[in-house]
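Presented below is the structure to which this report refers.
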Amino acid sequence: MTSGPTVLAGGGVVAALRAAGVGRNEPLAVVAVGAGLGLASGRGGWAVPTGPDAAGVVTRIEAELAPRWVWWSVHGSPAALVAGGLRPAACWDLAAVHRLLHGGRRDDPAPVWAGARGLPPPAPVPTGGRPVGRGQLDLLAVAEEAETGGDLDEPVRPDGQLRTDWADERWTDPRWDGPAGDAARTLRRAVRWAELALTVRDAQEQRLGAHIDPRPRPGPTGLAVLTARAESAAELLARELECDGLPIDRPTAERMIAASAGPRPRDDADDGSIRRARDAPVLAHLPGGVDLRNPASVRSGLRAVGIDVPDTRSGRLERLRGTHPAVGALLDWRKAERIATTYGYRWLDTFVGPDDRLRGSWQGSDGAGGRMTAQAGLHNLPAELRVAVAAEPGCLLVRADLGQIEPRVLAAVSGDPALARATAADDLYAPVAARLAVERPVAKIAVLAAMYGQTSGAAGQALRQMRAAYPRALAYLDAADENGRAGRDVSTFGGRLIRTSSVITGSAGPGNSTSSGNSAGSGDWAAGADGATVAARGRFARNAVVQGSAAELFKAWAVTVRHALAADRPAAGPPGGIVLCLHDELLLQVPAERAEATRQLLHDTLTATAGYWAAGSGVRFVADVTIVRRWSEAKA
DNA sequence: TGCGCTACGTA
DNA sequence: CGTACGTAGCGCAG
């Protein structure tokens with residue numbers, strides 16, 4: 001270590017790594033800095049001055065050696081590599097695996113390191129590089145760290161935590177190198193940083209391997225490790241989705257927006273008159289002075305024409321469509337207004353690039369159960385706008401969705417043999433209905449009520465029947481509910497820790513009203529909450545174990561599809577790829593002549609994924625695949 | 001300016 | 001008093 005890492009020329013890096021024994025699927029940590037790359041494997045560390053071609057060098061290593069790339073977070077320095085075209089087959093995302101093991105949504109190296117070393121999590125550090133949350137105390141801590149940390153080339157503080165000025169990955173601080181920087185020294189730090197990443201990975205894998213599988217399964221690698229790999233790849237996929245975008249037929253999008261919002265306004269005054277024109281048909285049915293964008297005003301306006309409603313939600317008003325012309329006009333207006341405000345010209349101009357691709361940021365795992373999330377409306381595009389999502393010339397869209405994934409996942413994770421038998425049917429609700437001796441719609445309500453915790457209405461009786469028919473599935477859900485009520489953390493099937501004790505969501509979530517923030521310890525968690533809040537936390541946990549496990553299966557499938565598509569990459573022409581992930585649905589764009597083969601690929605990959613994910617459970621998963629030009633042509 | 005509320009889009 | 005998420009406009013507090 002005193003002699004420093006080996007310095008490799010960019011051209012000779014593949015040969016040198018191969019000579020050192022770096023091979024397929026073998027962990028190889030990478031850190032990209034301005035001057036080049038820091039690489040580390042179990043066989044050594046290498047500094048690779050690349051200049052601006054870092055992505056090219058890494059891509060060559062990938063093509064020749066296909067290691068398992070290890071990075072602190074794909075949102076960190078590797079983001080530039082992905083943006084530069086790197087499309088690796090395998091990776092290990094320390095932050096993603098950290099979230100799997102410890103819950104939460106932290107993405108910065110400091111808590112990842114702390115988690116791997118069994119240290120308490122450090123205070124959050126925003127992009128600015130300064131801790132937040134306790135004000136001056138943390139500023140003092142930073143100063144203290146600089147004083148007591150000793151060697152600036154040593155990333156670990158005396159207390160075992162990471163130095164924050166290392167963790168923010170900006171090693172060109174003039175305190176160290178002077179304003180001009182010192183490229184060689186920065187590269188040495190990058191290698192050290194990569195070596196640390198490798199130690200974190202090893203600790204994570206050991207911890208994952210120690211996870212006791214909920215059900216016995218064949219093969220040497222437990223589900224937790226496989227899930228860690230899939231979650232890592234899902235974060236990578238998220239970056240790729242950000243880069244590649246969703247193909248949009250811009251003229252059609254413009255036409256759809258114009259139909260709802262009117263023509264594109266030339267200026268503010270024009271915008272005002274277009275808005276007034278949109279409002280006019282509704283206001284004609286209401287007394288003067290009503291503000292359509294103010295629910296309270298709308299409610300009093302409706303009362304003035306004899307419609308008395310506690311709120312003006314569309315679900316409530318829909319039933320009153322026939323009673324007064326104002327109702328229908330208002331509902332139609334609301335739909336148009338949604339397009340105009342959220343998915344209008346501003347949305348188009350902001351998120352659809354000159355190459356007619358809709359791009360937003362993606363998270364591979366967010367929220368309670370670790371679903372993927374996306375911005376820019378990618379996850380809540382109104383159905384009527386899907387007509388504007390269209391394959392480019394020479395390509396087709398392939399849409400695949402997992403049928404009834406949540407009850408099937410419930411059957412797998414709970415190990416309920418009767419529910420597992422029901423998954424043999426394409427329509428799971430049919431055998432459930434037969435078993436409960438009820439109509440199919442009732443069976444569906446009963447299953448959903450069990451998973452979501454609904455207690456009111458027709459669900460009550462059906463729920464009792466469910467409990468009798470599928471006791472093991474219901475016991476699994478009830479246990480999650482009870483854990484949530486008590487503030488005990490729960491786990492998904494793949495081993496994701498769901499912290500019921502500190503999650504903060506909306507008012508319906510477990511962290512509402514009186515218990516502001518996450519400061520409350522788990523001890524007074526249940527005691528301080530009222531009955532409704534406790535019940536909400538129970539429902540949250542009940543749902544999270546199913547939704548979260550389903551998210552893991554979905555992502556495992558998605559990244560398997562991604563991998564298979566890359567292996568199938570045509571010699572010439574555009575490669576096929578995933579362009580959208582939507583909880584239980586994949587949207588692919590592929591060359592037209594490959595569409596049918598892609599259909600088969602989707603089924604095969606699901607079989608393979610479910611084969612290990614739900615091994616031994618007897619649960620069948622099904623995908624519905626349609627090949628279309630436009631997303632709207634796929635049946636819902 | 002920031003936050004809670006209402007509302008509505010998706011799964 | 002069925003879950004999760006993202007986005008926008010309004011009203012209010014600061």
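A, B, ... follow the sequence lines: proteins, then strands. Residue 1 opens every chain. Worth saying up front: this structure is predicted, and the values here are computed from it rather than measured. Heavy-atom basis, side chains included; hydrogens, waters and symmetry copies ignored.
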A:Asn380 vs C:dC5: side-chain N/O to OP1/OP2 distance below 4.0 Å
no
Check the phosphate of B:dC8 against A:Ser314, side-chain N and O only, distance under 4.0 Å to OP1 or OP2. Yes or no?
yes
Paired nucleotide for C:dC1 [Watson-Crick or G-U wobble; both distances under 3.5 Å]
none
Distance check needed: B:dA7 C1' versus A:Lys335 NZ, whole Å only.
13 Å
Using a cut-off of 4.0 Å on non-hydrogen atoms, how would the nucleic acid contact of A:Arg334 be classed: base, sugar-phosphate, or nothing?
sugar-phosphate
Examine C:dG6: is either OP1 or OP2 under 4.0 Å from a nitrogen or oxygen in the side chain of A:Gln375? Give yes or no.
yes
Winner on side-chain proximity to A:Ala383, out of C:dT3, B:dT10, C:dA8, is B:dT10
A:Asp291 CG - B:dC5 P separation (whole Å):
20 Å
Report which part of the nucleic acid A:Leu381 touches: base, sugar-phosphate, or nothing (heavy-atom distance under 4.0 Å, all strands).
sugar-phosphate
Determine: side-chain N/O of A:Thr312 to OP1/OP2 of B:dA7, distance under 4.0 Å, yes or no.
yes
A:Arg313/A:Glu318 salt bridge by N-O under 4.0 Å criterion
no
Whole-Å gap separating P (B:dT10) and OH (A:Tyr343)
8 Å
Side-chain contact, heavy-atom cut-off 4.5 Å: A:Val309 with A:Leu317?
yes
Please report the distance, rounded to the nearest Å, between CG in A:Asp366 and P in C:dC5.
7 Å
Would you indicate which nucleotide in C:dG6, B:dG9, C:dG11 comes nearest to any side-chain atom of A:Pro382?
B:dG9
Could you tell me the separation between the CD1 atom of A:Ile405 and the P atom of C:dA4, rounded to a whole number of Å?
18 Å
Any side-chain N or O of A:Arg313 below 4.0 angstrom from OP1/OP2 of B:dA7?
yes
Any side-chain N or O of A:Arg293 below 4.0 angstrom from OP1/OP2 of C:dC10?
no
Indicate, with a heavy-atom threshold strictly under 4.0 Å, whether A:Ala296 touches base, sugar-phosphate, or nothing.
nothing
The side chain of A:Thr341 lies closest to which of these nucleotides: C:dG6, C:dG9, B:dA11?
C:dG9
Does this structure show an ion pair linking A:Arg371 with A:Glu406, if we count only N-O contacts that are shorter than 4.0 Å?
yes
Output yes when A:Arg334 and A:Glu337 qualify as a salt bridge under the 4.0 Å nitrogen-oxygen rule, no when they do not.
no
A:Arg539 side chain, from C-beta outward: closest of B:dA11, B:dG9, C:dT3:
C:dT3
Whole-Å gap separating P (C:dT3) and CD1 (A:Ile498):
15 Å
Classify the nucleic acid contact of A:Ala376 as base, sugar-phosphate or nothing, counting any heavy atom under 4.0 Å across all strands shown.
sugar-phosphate
Calculate the interatomic distance between A:Leu317 atom CG and B:dA7 atom C1'; express it in whole Å.
11 Å
Assign A:Asp311 to base, sugar-phosphate, or nothing according to its heavy-atom contacts below 4.0 angstrom with the strands shown.
sugar-phosphate
A:Arg399 and A:Asp401 ion-paired at < 4.0 Å
yes
Out of C:dG9, C:dT7, C:dC10, whichever nucleotide has its closest atom nearest the side chain of A:Asn294
C:dC10
Within this structure, what is the CD-to-C1' distance between A:Glu406 and B:dT10, rounded to whole angstrom?
13 Å
Reckon A:Arg316 touches a base, only the sugar-phosphate, or nothing at all at heavy-atom distances under 4.0 Å?
nothing
A:Arg371 side chain N/O closer than 4.0 Å to the phosphate oxygens (OP1, OP2) of C:dG6?
no
Under a 4.0 Å N-O cut-off, is there an ion pair linking A:Asp271 with A:Arg266?
no
Considering only heavy side-chain atoms of A:Arg338, the closest of C:dT3, C:dG2, B:dC8 is B:dC8
So, is the end of the A:Arg357 side chain (NZ or CZ) under 6.0 Å from the ring centre of A:Phe351 and within 45° of the ring's axis?
no
How far does the C1' atom of B:dG4 sit from the matching atom of C:dG2, given to the nearest Å?
23 Å
Between C:dC5, C:dT3, C:dA8, which one does the side chain of A:Tyr452 approach most closely?
C:dT3
